[in-house]
Amino acid sequence: MTNPQEIPVQEPRRLACSRCGAEFGCDLSGSCWCAEETARLPMPVKGEDCLCRACLRKAAAEAAHSADEAQA
């Protein structure tokens, strides 16, 4: 068994949303809030980093709307 004190604990990264500038944390352990979102998330456009929850949901809605229009 591994000694829990031997496992380094990573602090969440502090990020600023590429679109609105809101600050949020990104937990690289895989338990980040974005893992709770749907699997078909929009990928950031070139030059963007992570988005806050609100901007990510807005981008996903816009991408879904564009896909619906393309099918019509």
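Note that this is a predicted model, so its numbers are computed, not measured.
Between Arg13 and Cys50 the shortest side-chain heavy-atom distance falls below 4.5 Å.
Of all heavy-atom pairs spanning Arg19 and Ala59, the tightest one is NH1-CB, 3.4 Å. Closest approach of Cys17 and Cys52 over heavy atoms only: SG-N, 3.3 Å.
The side chain to side chain contact (heavy atoms under 4.5 Å, CB included) check on Ser18 picks up Glu48, Asp49, Leu51, with sequence neighbours excluded.
For residues 56-72, the pairs satisfying salt bridge (Lys or Arg N to Asp or Glu O under 4.0 Å) are Glu37-Arg57, with sequence neighbours left out.
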